[in-house]
Asks: 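Below is a structure I'd like to ask you about.
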Amino acid sequence: RSSPDVFESRMEKRSEVKKQPVGYSKQGEFIRCMEEKARPIFFAEGLGTKTSKGGFTKDKTLDSILNVEMVKEKSAEEIKQIWNQYFSAKDTVYAVIPAEKFDLMWKRAQKCPSFLYALPRKEGYEFFVGQWSGTELHFTSLINVQTQGETAPSQLVLYHYPELQKEKGIVLMTAEMDSKFLVVHEAQCLANQAQLFYATDRSETYELVETFNHRSGEFKYMSVIAELEQSGLGRELRPGQVSDKS
């Protein structure tokens, strides 16, 4: 009665405590906060990146995604697990490519920077042109190239990062895509085809890439489809078919 203001203030604090969940304590919250800060932050995706008109990131460096200095202390297998675990929760395409395989792809990309890929659709196939630009591989549909020429926008970009190639023996890859035209499993099919045609040990398969780049008059679209069907890469995109994942 003598101090109604003090009484009301105490009642308000008591009400706030009642509203807090069982087991809540400011000390516990502080400890959790410190644990979060102490946890290794391997990824820094989105920092320092710029977006182009098409929605794709300009100068998407590995440093803008990954704390490179921190992972240098890790083994190749540990980095692979960190990379795969991080991107498995995202709606995108990613991979960890053995250094020898990427080295072969890269050498061939210098000689043959472009190729035609076939993406299975509900009826038939849709063709995509893949064009290397440095370590980036840009895809756009053939119809876009035919109608817009050099100004045709990318619909999928694969980013390859060879920074750890010599020291760790791996090359990290991730991607950005235009979701209006492609979904993840379609983008994955195109990414798999890049390795199929550029990293193959089969001379007949890589010969298709050489023909497309240097003897275009001899190139046959159906040869790409035949190679794709033989590999089984497009099987999952065919409705009504059960793929054998064994």
Side-chain angles (χ1 to χ4, degrees), residues 76-77 80 83-84 92-121 124-142 145 154-162 164-166 168-175 177 182-239 241-246:
E77 185 58 34
K80 180 179 179 179
W83 188 262
N84 288 343
T92 190
V93 174
Y94 59 95
V96 178
I97 306 170
E100 301 80 9
K101 178 179 282 190
F102 182 77
D103 192 46
L104 179 59
M105 293 175 66
W106 179 242
K107 286 177 180 176
R108 288 174 168 176
Q110 306 311 297
K111 299 176 183 176
C112 302
S114 58
F115 189 58
L116 191 72
Y117 301 85
L119 187 65
R121 293 299 196 190
Y125 290 83
E126 181 177 7
F127 288 98
F128 281 76
V129 176
Q131 177 76 38
W132 287 86
S133 175
T135 55
E136 296 178 5
L137 180 52
H138 293 247
F139 291 87
T140 191
S141 65
L142 179 59
V145 176
S154 299
Q155 293 169 317
L156 168 68
V157 183
L158 303 183
Y159 301 96
H160 300 87
Y161 299 107
L164 302 173
Q165 185 173 4
K166 289 183 179 179
K168 302 296 182 180
I170 55 175
V171 172
L172 303 175
M173 186 272 279
T174 187
M177 62 185 176
L182 292 167
V183 293
V184 172
H185 61 277
E186 292 170 340
Q188 185 68 63
C189 182
L190 292 172
N192 290 343
Q193 286 186 62
Q195 293 195 36
L196 169 68
F197 289 104
Y198 279 87
T200 180
D201 293 326
R202 190 168 176 267
S203 58
E204 296 91 334
T205 303
Y206 178 61
E207 189 177 352
L208 294 176
V209 181
E210 290 182 310
T211 302
F212 183 81
N213 282 268
H214 304 296
R215 303 184 302 279
S216 58
E218 302 173 20
F219 183 77
K220 294 179 174 59
Y221 287 31
M222 290 305 297
S223 299
V224 177
I225 294 174
E227 199 68 36
L228 180 62
E229 290 183 345
Q230 182 177 320
S231 71
L233 286 180
R235 199 171 297 155
E236 292 184 9
L237 301 184
R238 286 294 188 201
Q241 290 188 359
V242 179
S243 62
D244 181 7
K245 296 184 180 180
S246 59

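None of the values given here were measured: they were computed from a predicted structure. In this chain, numbering begins with 1 at the start of the sequence shown.
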Asks: Got Thr135 and Val171 here, is their nearest side-chain heavy-atom distance under 4.5 Å?
Replies: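 Heavy-atom side-chain distance check fails, nothing below 4.5 Å.
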Asks: Which atom names give the shortest non-hydrogen contact between Ala118 and Tyr125, and what distance separates them?
Replies: CB-CD2, 3.9 Å
Asks: With rounding to the nearest 0.5 Å, note down the distance linking CD1 in Ile97 to NZ in Lys80.
Replies: 11.0 Å
Asks: Can you tell me how far apart CD1 (Ile170) and CD (Glu77) are? Round to the nearest 0.5 Å.
Replies: 9.0 Å
Asks: Does Thr211 reach the side chain of Lys220, with side-chain heavy atoms less than 4.5 Å apart?
Replies: no
Asks: Taking Thr200 for the side chain and Tyr206 for the main chain, is one N or O donor matched with an acceptor at less than 3.5 Å?
Replies: no
Asks: Would you name the heavy atoms of Val129 and Leu142 that are closest together and state the gap between them?
Replies: CG2-CD1, 3.9 Å
Asks: Kindly compute the distance separating CE (Met177) from CG (Leu190), expressed to the nearest 0.5 Å.
Replies: 11.0 Å
Asks: Is a side-chain N or O of Trp83 found less than 3.5 angstrom from the main chain of Met173, in a donor-acceptor match?
Replies: yes
Asks: Which is it for Thr205 and Glu227 under the side-chain hydrogen bond (donor to acceptor under 3.5 Å, both in side chains) test, yes or no, and what are the steps along the way?
Replies: CA-CA 7 Å; Thr205 303; Glu227 199 68 36; 2.7 Å; yes
Asks: Do the side chains of Arg215 and Phe219 get nearer than 4.5 Å, heavy atoms only?
Replies: no
Asks: Can you measure from CG (Leu172) to CD (Gln165) and round to the nearest 0.5 angstrom?
Replies: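 Answer rounded to 0.5 Å: 10.5 Å.
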Asks: Once you round to the nearest 0.5 Å, how far does CD of Gln155 lie from CZ of Phe128?
Replies: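 Nearest 0.5 Å value for the CD-CZ distance: 5.0 Å.
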Asks: Mind checking whether Lys107 and Asp103 have side chains closer than 4.5 Å, heavy atoms only?
Replies: yes
Asks: Within the side chain of Tyr198, is there an N or O that forms a donor-acceptor pair under 3.5 Å with the backbone of Cys112?
Replies: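 At least one qualifying donor-acceptor pair exists.
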Asks: If you take all heavy atoms of Val93 and Ala187, which pair is closest and at what distance?
Replies: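 Scanning both residues, the minimum pair turns out to be CG2-CB, 3.6 Å.
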Asks: Looking only at heavy atoms, what is the nearest atom pair of Leu156 and Ala175, with distance?
Replies: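 Closest approach of Leu156 to Ala175, heavy atoms only: CD1-CB, 4.1 Å.
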Asks: So which atom in Met105 and which in Ala194 form the shortest heavy-atom distance, rounded to 0.1 Å?
Replies: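 Met105 and Ala194 have their closest heavy atoms at CE-O, 4.0 Å.
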Asks: Donor-acceptor pair, distance only, cut-off 3.5 Å: does the side chain of Asn213 make one with the backbone of Val209?
Replies: yes
Asks: Within a strict 4.5 Å, meaning less than it, do heavy atoms of the Phe115 and Trp132 side chains meet?
Replies: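 Not in contact.
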Asks: Side chains of Ile225 and Met222, heavy atoms from C-beta outward: is any pair under 4.5 Å?
Replies: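 Contact flag for Ile225/Met222 side chains = yes.
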Asks: Any side-chain heavy atom of Glu126 within less than 4.5 Å of one from Glu186?
Replies: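 No, too far: nothing below the 4.5 Å cut-off.
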Asks: Judged by atom type as modelled, is there a donor-acceptor pair below 3.5 Å linking the side chain of Ser231 to the main-chain atoms of Leu228?
Replies: yes
Asks: Indicate yes or no for a side-chain donor-acceptor contact from Gln131 to the backbone of His138 under 3.5 Å, with no hydrogens or angles considered.
Replies: no
Asks: Indicate yes or no for a side-chain donor-acceptor contact from His214 to the backbone of Lys111 under 3.5 Å, with no hydrogens or angles considered.
Replies: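 Checking the backbone N and O of Lys111 against the side chain of His214, a donor-acceptor pair under 3.5 Å is found.
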Asks: Just verifying a value: how many Å separate Phe139 CZ and Ser154 OG, rounded to the nearest 0.5 Å?
Replies: 10.0 Å
Asks: Less than 4.5 Å apart, side chain to side chain, heavy atoms only: is that true for Leu182 and Leu119?
Replies: yes
Asks: Under 3.5 Å, side chain of Gln195 to main-chain N/O of Ala191, donor-acceptor pair present?
Replies: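 The answer is no, because no donor-acceptor pair under 3.5 Å joins these two groups.
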